Amino acid sequence: MYRAPRGTSDILPEEQAYWRYVEEKVVELCQLYGYERIDSPAFEDTRLFARSVGEGTDIVEKEMYTFTDKGGNLLTLRPEGTAPVCRAYLEHGLHNRPQPVKLYYIAPIFRYERPQAGRYRQHYQFGCEAIGDDDPALDAEVIEMAWRFFQSVNLHHLTLQLNSIGCKRCRPGYLNTLKDYYASHTEELCADCKVRLVRNPLRLLDCKRPACQRIADAAPRSSDHLCPECQSHFTRLQRYLSLLEIPFALNHRLVRGLDYYTRTVFEIQPENGGAQSTLVGGGRYDDLIEELGGRPTPAIGYAMGIERIILNLKEQHIPVPPLPGAQVFIAHLGDEAREEAIKLASRLRRAGTAVILATGSKSLKAQLRQANRLGARYALILGEDELKSGTASLRDMTTSQQSLIHLSELPGALK
RNA sequence: GUGAGUGUAGCCCAGUGGUCUAAGGCGCCAGGUUGUGGCCCUGGAGAUCGAGGGUUCAAAUCCCUCCACUCACCCCA
């Protein structure tokens, strides 16, 4: 028997109400903040991700679904959403539009990882990118937008973590300070951290091991080593967030695992969240567009995992509106009635009524049982008696009231 | 890639060596009215007990290997 590949899943009809709910709130939110939808291909030139996400990151090193097509092109299933949007920004000359260009997407993301709670090999992300402006007011707006999203879907008990990791001017100096500090603690570090010290010192800060955490807590903070411009940017961002009454917690150990981040980084997670609980991750990437071959263009964005949002909606028992079901079920008895039913179903649908037409030659009992299971508001019954008089029995499935109506009264009689 | 746990019908699960030709519940199908749903009653279909090998007179039950799933680490949404 075939199964969905590891880390992938089918979203069955009974799950769809959650998806529809989240997607509708996303579309509403984006419209409110002036974001327009963009859809990019599911796969891209592998080099796009290697350049943007970073050669040394786990995503590029071990998590990409990479393949060679029959033309010999090296392609990769999108492991994150920002790089493709930046590529599209450059490819289509979007710098000729009013800046910042604000785009959003809802798209499947692919990463070859061991699946666990809240983590899948194919999952969906809603992401936003505001490209072409470095105003901290834009950072504040973007963060506010993510924050308000959760209010709109009724998710509560979340925390917003904030940090600034500086820019290409001030970060090298900070990294040296950090490495100097860690040099005196090398012996106490876990094996992973010893590697991080050489390969990616920033990541030393978010190691989960208690021993390493103690060292990280006392480590020099990036926010204390910002250049004047970054310092001012960070200060103004915090001021704007306060103006917006967005509660945030400074977390000097928040760094993020993709190489392209600069200055502002933030995450939103549940207060009591365990592993894999981050709902949103985002930040500035002021050098990425240039890195991909464009002119220097500051930008900021975030992405949220839709499966994780739905997971939290369920945990918090947030009700979501049910999807509309069938309005009318047409039952019929006998060959002649079936032909009348086929015509009637078509006529009602053309008039905009959602109809389910019984199939086969089941007993009326079985047909009504099905109508009930499908949640039909009405049942229309066509039998020999009705046929003779050009009528149908109209049964209200909630009240069990039943009456005879002329076919000519349809669909008017369905209210 | 590493570690731990779990694998019995579509779903939840009983069963820990012989009475298992595997129980129950949900769901599905049908009947209880010659044309009427939801509740109730009755019946039916549906399981190579994850796969392979081994131990034994006898294995869903014990052992080994593999596979899958889940959770955690790594890392991330």
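Order of the sequence lines fixes the chain letters, A, B, ..., with proteins taken first and strands second; residue numbering starts at 1 for each chain. Remember, it's a predicted structure, so these values are computed and weren't measured experimentally.
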(message) Below 4.0 angstrom, which residues in residues 159-168 of chain A have at least one non-hydrogen atom near RNA chain B?
(response)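 Going residue by residue through residues 159-168 of chain A, none turns out to have a heavy atom under 4.0 Å of RNA chain B.
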(request) Taking only heavy atoms on the protein side, list every residue of residues 200-223 of chain A lying under 4.0 Å from any atom of RNA chain B, sorted numerically. (result)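 Going residue by residue through residues 200-223 of chain A, the ones with a heavy atom under 4.0 Å of RNA chain B turn out to be A:Arg203, A:Lys208.
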Set out, line by line, the N/O atom pairs under 3.5 Å between protein and nucleotides 38-43 of chain B.
residue, atom, partner, partner atom, Å
B:rG38, O4', A:Asn372, ND2, 3.0
B:rG38, O6, A:Ser400, OG, 2.6
B:rG38, N1, A:Ser400, OG, 3.2

Need one value for [X]: base, sugar-phosphate or nothing, where a base atom within 4.0 Å counts as base even if backbone is also close, heavy atoms only.
X	result
A:Glu267	nothing
A:Leu333	base
A:Leu258	sugar-phosphate
A:Tyr120	base
A:Gly118	base

(request) Find the distance A:Arg308:CZ to B:rA77:P and express it as a whole number of Å. (result)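 It is 8 Å, rounded to the nearest whole Å.
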(request) Measure from CD on A:Glu80 to C1' on B:rC75 and round the result to the nearest Å. (result)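 Result: 14 Å.
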(request) Provide the distance between the two C1' atoms, one in B:rU8 and one in B:rA4, to the nearest whole Å. (result)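 Pairwise C1' distance, B:rU8 against B:rA4, rounds to 23 Å.
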(message) Say we look at B:rA58 and B:rG43: how far apart would their P atoms be, to the nearest angstrom?
(response)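 Here B:rA58 and B:rG43 have their P atoms 37 Å from each other.
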Residue pairs involving [range] (criterion salt bridge (Lys or Arg N to Asp or Glu O under 4.0 Å); sequence neighbours excluded):
range	result
residues 313-330 of chain A	A:Glu15-A:Lys314
residues 174-187 of chain A	none
residues 390-399 of chain A	A:Arg377-A:Asp396

Let me have the donor-acceptor pairs involving side chains of residues 22-31 of chain A, under 3.5 Å, with sequence neighbours excluded, atom names and distances please.
none

(message) Taking ring pair (Phe, Tyr, Trp, His ring centres under 6.0 Å) as the cut-off, I'd like each qualifying pair that reaches into residues 313-344 of chain A, sequence neighbours left out, listed once.
(response)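 Qualifying pairs, neighbours excluded: none.
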(request) Sequence neighbours left out, what pairs pass ring pair (Phe, Tyr, Trp, His ring centres under 6.0 Å) with at least one residue falling in residues 151-184 of chain A? (result)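 Every pair satisfying ring pair (Phe, Tyr, Trp, His ring centres under 6.0 Å) with a residue in residues 151-184 of chain A: A:Tyr174-A:His225, A:Tyr181-A:His185.
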(request) Could you tell me which residues satisfy side chain to side chain donor-acceptor pair (under 3.5 Å) with A:Thr66, sequence neighbours excluded, listed by chain and number? (result)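 Side chain to side chain donor-acceptor pair (under 3.5 Å) list for A:Thr66, sorted by chain: A:Thr76.
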Contact list (N/O, under 3.5 angstrom) for nucleotides 1-3 of chain B vs protein:
residue, atom, partner, partner atom, Å
B:rU2, O4, A:Arg114, NH1, 3.0
B:rU2, O4, A:Arg114, NH2, 3.4

(request) Look up atom CZ in A:Arg171 and atom CZ in A:Arg263, then write down how far apart they are to the nearest 0.5 Å. (result)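 Separation between the atoms: 11.0 Å.
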(message) Between A:Glu290 and A:Lys168, does any side-chain N to carboxylate O distance fall below 4.0 Å?
(response)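 Judged by the 4.0 Å cut-off on N to carboxylate O distance, A:Glu290 and A:Lys168 do form a salt bridge.
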(message) When you compare the side chain of A:Met145 with that of A:Tyr35, does any pair of heavy atoms fall below 4.5 Å?
(response)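 They are in side-chain contact.
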(message) I need the full list of side chain to side chain donor-acceptor pair (under 3.5 Å) pairs touching residues 347-369 of chain A, with sequence neighbours left out, sorted by first then second residue.
(response)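 Residue pairs passing side chain to side chain donor-acceptor pair (under 3.5 Å), neighbours aside: A:Ser346-A:Arg350.
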(message) Just N and O in the side chain of A:Gln116: are any of them under 4.0 Å from OP1 or OP2 of B:rC73?
(response)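 It does, given that an N or O in the side chain of A:Gln116 lies less than 4.0 Å from OP1 or OP2 of B:rC73.
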